[in-house]
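The structure appears right after this line, and notes come after that.
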Amino acid sequence: MISIRHARLFHSIRSARTNNYFSYTSGRWLFNEQQQLDKRYIEFDIPALQRIAGQAVGSRCMKMDKLPEGLFNKVFSLHMENGKEVLARIPNPNAGHPRYVVASEVATLDFLRTVLDIPVPRVLSWSSSQPNPVGAEYILMERVQGKQLNEVWDGMAETQRFGLVKSLVDVERRLVKARFSLHGSLYYRSTLQDTSIGFQADPTVPSEFVFGPTTQRSFWEDGKQALDIDRGPCGWHSTLYRNLPSHLTVPIGRTAQEYLTAVANREIARVQRLQKSSNVAVPPERIPQSRETHVRLLEQFLAVLPHILPPEDTLSPVLLHHDLHPNNIFVDASDHTRISGIIDWQAVYTAPLFIQAKFPSVFDCDDPYPWGAVQPQLPKDFESLSPAAREHAESALSRLRLKKFYELASRKFNPPLIRAMDKMRNDEDPTTTFIFHILGQSSEDGPVPLRELLIQIYEKWDWIMQRRGSAIPCPIFFSKTEIDESRQQAEAWADVFADFETLRETLLGDDGWVSHEDYDEAMRRWEENKATLENLKKRLEMILYASILFAQSVQR
């Protein structure tokens, strides 16, 4: 017989292990740690999850291990009695709307695998609705065969890495080639048709798939779940376009405009709610009058939006993976140039090609990059450098050669992607991708950078219209006094923000996350420099305050 003491000890051990299943355990945060942990805590019925996995593969679960965590999901490996392995994926509260992210990811995986022939995990069982036996939304899927790229990357020769580039370019080619007429996220029609969730059929995809609300995290994170905003699908709402023959495509100009309008209205709603970001890097808008000033700028953006959209061949909505790093790519165990699977398609969505087009992170680097038909070279003074400097230069060249090979391979095999990147690289044109990035970050970064870009559009309006073959008068206006004063504020803001961001990234990375091993040293550096960061933050707030006072004086 088990004694009461042993029973309590067993219960204590089991409770600790269970809590590790529910809690985030793969790292620490240097600030707002409890808030970060709360956003990643989710309880569920472990025996029910194991039982459903057993039913999916016709065997009993013998062991369940928690895998290293990303920032948005719990992932578990369930080992079955018959030798099979099942992966369970449960979204954290910060992943977005749990019903949408699960239902959309399942449908997206099916579409990718069966329609586009892209190697992705096969789903065995799932639930996107509550209540269910597990007590949380979940996906059960097969483990992808092969090895994670991060396990073999360091041992790969350059020729093998170039071969992998070709494989990934082929995957992106299939994604870009797929034709869509709507912006949003994919779902099964059967999942949404008996609900109150709005959806639209897309004549360019098989009838079992529809477009519903976007799972793009910028529409859900940092308290945006509570906002009553348009999350799509964005596109042609008229039933006239719902039954088009599959060989026809819907006009795409308005869909991009609707998508970007939804982004602008999202930022307006957030500014009006005065929601404060959890990111220590963001100067909060503490001044009530700033809401009115900021909203007016976003409305000015909406006024110019129809006239500054990029060329039509960059506007078509595409579905691309947003986080192609080595942990999300699996390669064949015997041939590392072949992709055996790509994971983590949660929260993918269709959006205009010019916004989606970018280098995959696995091939990207921060080194100065020679764009176009220019081969990277070692520095001319290479031979006179120290051994350490030569090693650094050789490493940089290796990274740049890989990035260049990706660009050239995409130019040959996936030209629409690179053409979109080409057309959005004009530093003289304020209507390139940067303003659309600034738009999406506006409630985070404040009104100063948005005002500067709008002023640039106003100043260069005739040139912008000439390039588009139009003579439409500019719908917004800034006086010379406004331009001069605002430019001084923008330059001051940019200088301080650059210092702020450099120090913040050095100390905190993206959001203050550090590994357990690095926590003590990182916390020491954070404490030593916190006062400097806070001082820079106050300077940003002072510039913002001066900007608002000036804007109000002009309006009077």
Side-chain angles (χ1 to χ4, degrees), residues 253 256-257 259-260 263-264 267 297-298 300-316 351-359 364-376 400 403-404 407-408 410-411 415-442 445-498 501 547:
Q257 182 180 334
Y259 168 76
L260 292 164
V263 173
E267 297 301 290
L297 290 170
L298 287 162
Q300 286 180 305
F301 172 85
L302 287 172
V304 301
L305 173 60
H307 313 295
I308 65 170
L309 288 170
E312 186 169 300
D313 62 351
T314 70
L315 299 181
S316 57
L353 175 59
F354 79 90
I355 290 178
Q356 301 269 59
K358 63 179 181 179
F359 286 98
D364 203 2
C365 59
D366 294 328
D367 308 278
Y369 180 71
W371 187 261
V374 181
Q375 284 294 343
L400 289 170
K403 186 173 181 177
K404 177 59 64 177
E407 179 197 336
L408 297 180
S410 296
R411 284 191 186 278
L417 183 83
I418 294 298
R419 282 201 300 265
M421 295 171 72
D422 281 337
K423 291 178 180 178
M424 303 311 295
R425 293 188 67 259
N426 187 348
D427 293 337
E428 301 300 317
D429 188 349
T431 66
T432 58
T433 306
F434 191 63
I435 190 169
F436 300 106
H437 171 74
I438 289 293
L439 169 70
Q441 290 284 115
S442 189
D445 295 341
V448 175
L450 179 61
R451 178 189 288 113
E452 170 58 24
L453 284 172
L454 287 170
I455 287 174
Q456 290 182 29
I457 288 174
Y458 170 74
E459 290 178 317
K460 297 183 177 182
W461 184 260
D462 291 342
W463 176 77
I464 294 169
M465 290 300 99
Q466 184 179 14
R467 297 184 70 200
R468 288 163 169 75
S470 174
I472 297 173
C474 187
I476 61 175
F477 173 78
F478 294 94
S479 69
K480 186 179 185 305
T481 302
E482 284 181 276
I483 293 172
D484 293 343
E485 182 69 22
S486 296
R487 186 139 292 153
Q488 290 181 14
Q489 293 166 352
E491 290 173 358
W493 188 90
D495 289 341
V496 178
F497 191 74
E501 280 293 281
S547 173

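Along the sequence shown, residues carry numbers from 1. Quick note: numbers below take in every heavy atom, side chains included, and nothing from hydrogens, waters or symmetry partners.
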Quick one: does [X]'s side chain get under 4.5 Å of [Y]'s, heavy atoms only?
| X | Y | result |
| --- | --- | --- |
| I464 | P430 | yes |
| R468 | T431 | yes |
| S547 | R451 | yes |
| F301 | I308 | yes |
| S486 | F478 | no |
| K460 | Q466 | no |

**OP:** Check ring-ring contact (aromatic ring centres under 6.0 Å, His included) between F359 and all other residues, then give those that pass, not counting sequence neighbours.
**Re:** Y369, W371, Y406
Original post:
Is a side-chain donor or acceptor of W461 paired with a backbone partner of I472 at a separation under 3.5 angstrom?
Top reply: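 Here the side-chain-to-backbone pair exists.
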Kindly compute the distance separating [atom1] ([X]) from [atom2] ([Y]), expressed to the nearest 0.5 Å.
| X | Y | atom1 | atom2 | result |
| --- | --- | --- | --- | --- |
| F477 | I483 | CZ | CD1 | 7.5 Å |
| L302 | E267 | CG | CD | 11.0 Å |
| L297 | I455 | CG | CD1 | 8.5 Å |
| M421 | L353 | CE | CG | 10.0 Å |
| I435 | I457 | CD1 | CD1 | 3.5 Å |
| M424 | I355 | CE | CD1 | 8.0 Å |

Original post:
If you measure from the Lys or Arg side-chain nitrogens to the Asp or Glu carboxylate oxygens, is any gap between D429 and K423 under 4.0 Å?
Top reply: no
Subject >> K403 and E407 ion-paired at < 4.0 Å >> reply: no
Nearest non-hydrogen partners of [X] and [Y], listed with the distance:
| X | Y | result |
| --- | --- | --- |
| H307 | P475 | CD2-CG, 4.3 Å |
| P306 | A303 | CD-O, 3.6 Å |
| Y458 | I476 | CD1-O, 3.3 Å |
| S442 | L298 | OG-CD2, 3.9 Å |
| P368 | L400 | O-CD2, 3.6 Å |

Original post:
In this structure, which one of D313, T432, T314 forms a side-chain contact (heavy atoms from CB on, under 4.5 Å) with F354?
Top reply: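 Exactly one option meets the side-chain contact (heavy atoms from CB on, under 4.5 Å) with F354, and it is T314.
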**OP:** Answer yes or no: are there more than 12 heavy-atom neighbours, outside E459 itself, under 6.0 Å from its atom CD?
**Re:** yes
